[in-house]
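Notes for the one structure printed next.
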Amino acid sequence: MADDAARIEEEQSLTLASLPPSLRQKQLAAAVVLVTLIGLGAAAGPLSSVRLEAADSIVPALIIPTAVIQSITAVLLFAQFSILGSVALFTLATGYLFTSLCLVAWMLALPGVFAPGGLLGANLQSGYWLATLWHAAFSLFVIAYAALKDADRSKRAPERLRSPAIAASVVAVVVTVCAATFLLIAGDGRLPPVVLDEDHGSPIWIYRAGTIAVLGVVALIALWRTCRSVLDLWLMVVMSVYASAGVLVVARSPGRYSIEWYASRGAELVAGSLILIVLVYEISALYGQLLSAVLAQRREREARLVTGDAVTATVAHEIKQPLTAMLINMSACLNWLERPSPDIDKAKTAVKQAAANGERVGAVVDSVRALFKRDVRNRSSLDIKSLIADTLALLRADLQKHGAAAEIAPLAAPLHVMGDRIQLRQVLLNLMTNAIEAMANTAGRRVLSVSAEIVEGSVVISVADTGPGIEGKDIEWVFKPLLTTKPEGMGMGLTITRSIIEAHGGRLWAKPNSPVGAVFQFTLPAETAARAAADDLARATHA
Ligand code: ADP
């Protein structure tokens, strides 16, 4: 049950119905509302005296695209419902389907469009009643969507019922729209007249327009109260357009082909398309994210496989030698004990050497485990300066062997970072060993320079050498697993180093040194002096 809730929560964080809108989306939505309001206001105000030519063919040109767009929106919303099982989305999808079919019925019933009196035996009044039906019904569907949204967060429609529910919805919508169209046309005489003629509303016109506007405003408020997602935001824009079309335009005059009429049809077309545009845009964006997530997952899996192989080989190589030494020590011990006069002292020495070799094996296993552990509990406040000095001390013999000098840039004050001491020492060891090995065959001066400084809240550590530098145009190749130029190399050092740095919240990169050589730099989030002092105090108290 808890697993289900967690899965639903995780899915919701990736779906349109739950993705929170960004500031840019909110600004864009406000701009769309503003422009539409200005357009509608202009049509109802300064431009209201403009008379446009009556062109019946314009009606299908405006209504058909709106109906098609709304039905495609319904299909996409039903598709989301079939994946997520959200009853709220199902309600909204049904609303869009209902509206698109109502629009078609309305267009057929309008006088003059396909027949002088309207198809299906309709007359002037039935067209207006059908328009009232879809405007009011759409607002009611949106109110239901807003009401169901919260209940939906933890509950889902069972998967087996989702396809039958969609089929039932389509049938119910078709039957309802046909029945409503028939009843509104057949009962035409019994319904109060909405208009007196093409240009003048009846006394109930204002109530009709008012009801549509009020329902639109109620839907807008319901969405406002529960607005959390991109879908909610754009639905609010749709409802703002519908409600303002109701208030500003429809309330003034019913006149078909008046400027208000064109403005209101245009606004409906824009509003009807908004959710489709948002759905298509967001689906494409999510598809892009999905693609990069799949590619990243594949790369990670491959890296893990090669890392696994390399670790096995490294562990085998590292422990083989002390294990062989242990066997030799133990057989020497046996020899000393099996002599006619056993030499206990020599046997003891052999056992001690065997124990020391056993400890070396243990240390190798521990260091490999430490490299791959992501346990943050092992992190503590570290002074980078002392870590650099410790690591250089370990490499003194290597530096001498290759005739290289080490230079540490003087640090003004201790630089503290939070990190795993063993892992970060391994990072410095890898980078410094690579630098020393790179300089092994160079003719000039061999200098390993290490520095650390604070840049924009991060500690930046540089390990530079005067070796041959990194060959090839793409310097990034050195971080790819299993790529090495050394006869004994594994090509895993830098891959592991980078993964340790990234696990610590930092970055690692390489660049050419001036005038020769290479520089490897990495960042680690700097720990504030106060935090470091608190940690030191806590450690002292525990000790
Ligand atoms: P390995 O040391 O086993 O080769 P790494 O991942 O540590 O694996 O390094 C990969 C390769 O990157 C090395 O083989 C070497 O060619 C190159 N490289 C690493 N560090 C340096 C450096 N400081 N200067 C020049 N080349 C380097």
Side-chain angles (χ1 to χ4, degrees), residues 302-375 378 387 390-404 406 420-441 446 448 463 467 478 480-500:
E302 280 165 8
R304 226 182 292 142
L305 283 176
V306 290
T307 308
D309 289 350
V311 169
T312 316
T314 313
V315 172
H317 175 263
E318 292 287 320
I319 64 173
K320 198 169 169 222
Q321 201 253 333
L323 275 179
T324 314
M326 262 172 95
L327 286 175
I328 294 168
N329 297 146
M330 294 316 288
S331 94
C333 170
L334 212 59
N335 278 342
W336 293 119
L337 292 176
E338 278 173 356
R339 284 185 166 203
S341 52
D343 189 334
I344 301 294
D345 283 344
K346 289 205 168 132
K348 267 190 194 165
T349 311
V351 170
K352 276 183 194 153
Q353 281 170 352
N357 279 314
E359 273 170 23
R360 258 178 79 193
V361 174
V364 169
V365 173
D366 278 353
S367 71
V368 172
R369 277 183 56 211
L371 277 183
F372 291 92
K373 248 189 317 196
R374 302 227 159 179
D375 194 348
N378 291 334
L387 197 65
D390 288 356
T391 318
L392 273 173
L394 290 174
L395 291 171
R396 196 153 294 139
D398 276 19
L399 284 163
Q400 272 171 5
K401 190 171 134 198
H402 293 105
D420 184 316
R421 191 175 189 88
I422 299 179
Q423 291 187 346
L424 292 183
R425 198 182 55 196
Q426 191 65 41
V427 165
L428 286 170
L429 264 176
N430 283 352
L431 297 181
M432 291 183 192
T433 312
N434 276 347
I436 296 169
E437 284 175 358
M439 294 188 291
N441 297 321
R446 295 167 193 171
L448 167 68
V463 177
V478 291
K480 299 214 167 103
L482 300 181
L483 289 184
T484 181
T485 52
K486 302 173 194 166
E488 296 287 303
M490 303 274 309
M492 285 306 297
L494 289 174
T495 310
I496 293 173
T497 302
R498 186 174 253 183
S499 87
I500 293 176

### Task
Could you tell me the separation between the CE atom of Met326 and the CD atom of Gln353, rounded to the nearest 0.5 Å?
12.0 Å
### Message
For a quick test of reading the model, state the closest non-hydrogen atom pair linking Ala435 to Val463 and the distance between them.
### Response
CB-CG1, 4.5 Å
### Message
Is there a side chain to side chain contact (heavy atoms under 4.5 Å, CB included) between Asn335 and Leu337? Walk through the geometry before answering.
### Response
CA-CA 5 Å; Asn335 278 342; Leu337 292 176; over 6 Å; no
## Note on the structure
Separation between OG1 (Thr484) and CG (Leu494), nearest 0.5 Å, reads 9.5 Å
### Task
Consider only side-chain N and O atoms of Lys486 and Asn434, and report whether a donor and an acceptor are under 3.5 Å apart.
yes
### Summary
Interatomic distance, CG@Leu399 vs CZ@Arg396, rounded to 0.5 Å, equals 8.5 Å
### Task
May I ask you to test the Leu483-Thr495 pair for a side-chain heavy-atom distance under 4.5 Å?
no
### Where Ala347 and Cys333 come nearest, the two heavy atoms and their spacing
O-SG, 3.8 Å
### Task
Taking the side chain as every heavy atom from C-beta outward, state whether Leu424 and Leu428 have any pair of such atoms under 4.5 Å apart.
no
### Task
Please round to the nearest 0.5 Å and tell me the distance separating atom CG of Asn430 and atom CD1 of Ile500.
7.0 Å
### Query
So Leu429 and Leu395, side chain to side chain contact (heavy atoms under 4.5 Å, CB included) or not? Walk me through it.
CA-CA 8 Å; Leu429 264 176; Leu395 291 171; 3.8 Å; yes
### Message
Restricting to non-hydrogen atoms, name the atom on Ile422 and the atom on Asp420 that form the minimum distance, rounded to 0.1 Å.
### Response
N-OD1, 3.1 Å
### Query
Do the non-hydrogen side-chain atoms of Leu392 and Leu448 ever get within less than 4.5 Å of each other?
yes
### Query
Can you list the residues that meet the side-chain contact (heavy atoms from CB on, under 4.5 Å) rule with Arg425, with sequence neighbours excluded?
Leu387, Thr391, Leu394
### Query
When rounded to the nearest 0.5 angstrom, what distance separates CE in Met330 from CG in Asn357?
11.0 Å
#### Entry: Flag, side chain of Arg446 to backbone of Gly403, donor-acceptor distance under 3.5 Å
no
### Query
In chain order, what residues pass the salt bridge (charged side-chain N to carboxylate O under 4.0 Å, His left out) check against Asp390, with sequence neighbours excluded?
Arg421
### Task
Might you work through the side chain to side chain contact (heavy atoms under 4.5 Å, CB included) test for Leu327 and Leu323, ending with a clear yes or no?
CA-CA 6 Å; Leu327 286 175; Leu323 275 179; 5.9 Å; no
### Query
Do Ile344 and Lys348 have side chains that get closer than 4.5 Å, going by heavy atoms?
yes
